[in-house]
Amino acid sequence: MRQDPARPARHVRVHQDRGHTVLELRGDIDIAAAVEISPHLDRLTAHPDVRLVIDLGGVDFFDCSGLRLLYRARARVLDQHGELRLVCAHPLTLRILRVTGLARLLPPHPTLDAALERPGAASGSL
């Protein structure tokens, strides 16, 4: 099912900040939300040298569908020789990131400001 581009996205907000594209996710990030988020993510990660921040600050629930989105984003950004940063402070989501090992590959920052102020704080190599 294609999403009408004029319709606002319930789980996604995209904006620019300090030379980075920020993809803010909000609400419950589950399989239904992933269907909405994936086209935005694919569009944003299709460009060479993309500088993307995924902000999970507004996320209330995060399951394996969210992990799949993050892994996909990381792979696509690295393929384009870009940079990906992650914002996450929710204790349960941080625990999921640590247990799965994604926190090592994509170190989370507690705020958007913290993610954008640290030049070497991007996703590691494959």
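In this text the structure is predicted, and so the values were computed from the model without any measurement.
- To the nearest 0.5 angstrom, Arg13 atom CZ is 12.0 Å from Leu25 atom CG.
- In this structure a side-chain-to-backbone donor-acceptor pair under 3.5 Å is missing from Gln80 to Val50.
- Remark: Ile37 CD1 to Ile29 CD1 distance equals 3.5 Å, nearest 0.5 Å.
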Side-chain donor-acceptor contacts of residues 52-63 below 3.5 Å, not counting sequence neighbours, with atom names and distances?
| from | atom 1 | to | atom 2 | distance (Å) |
| --- | --- | --- | --- | --- |
| Asp55 | OD1 | Gly57 | N | 2.8 |
| Asp63 | OD1 | Ser65 | N | 2.8 |
| Asp63 | OD1 | Ser65 | OG | 3.4 |

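- The heavy-atom pair separating Ala73 from Thr45 by the smallest distance is O-CG2, 4.2 Å.
- To the nearest 0.5 Å, atom CG of residue Asp30 and atom NE2 of residue His11 are 6.5 Å apart.
- Across Glu36 and Ala9, no two heavy atoms sit closer than the pair OE2-CB, 3.0 Å.
- From Glu117, atom CD reaches atom CG of Leu112 across 9.5 Å, with rounding to the nearest 0.5 Å.
- Side-chain contact of Glu83 with His20: a donor-acceptor pair under 3.5 Å is present, judged by distance alone.
- Scanning both residues, Ala33 and Asp28, for their nearest heavy atoms gives CB-O, 3.3 Å.
- Once rounded to the nearest 0.5 Å, the distance linking CD of Glu24 with CZ of Arg26 reads 7.0 Å.
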Q: May I have the step-by-step check of side chain to side chain contact (heavy atoms under 4.5 Å, CB included) for Leu97 and Leu70, ending in yes or no?
A: CA-CA 10 Å; Leu97 295 173; Leu70 293 179; 3.9 Å; yes

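- Note: the hydrophobic cluster containing Tyr71 also contains Leu84 (ILVMFWY, side chain heavy atoms under 4.5 Å, direct or indirect links).
- Put simply, CZ on Arg95 and OG1 on Thr93 are 11.5 Å apart, with the number rounded to the nearest 0.5 Å.
- The shortest non-hydrogen separation linking Val87 to Ala115 is CG2-CB, 3.8 Å.
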Q: Go through the steps for Val22 and Gln16 under the test side chain to side chain contact (heavy atoms under 4.5 Å, CB included), then give the verdict.
A: CA-CA 6 Å; Val22 179; Gln16 297 294 315; over 6 Å; no

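- In the displayed structure, Arg18 atom CZ is contacted under 6.0 Å by more than 12 heavy atoms of other residues, nucleotides or ligands.
- In the hydrophobic clustering of ILVMFWY residues, with side-chain heavy atoms under 4.5 Å counting as a link, Leu86 and Val14 come out together.
- Residues Leu23 and His40 share a closest heavy-atom pair of CD1-CB, 4.4 Å.
- In this structure, His81 places its NE2 atom where only 12 or fewer heavy-atom neighbours from other residues, nucleotides or ligands lie under 6.0 Å away.
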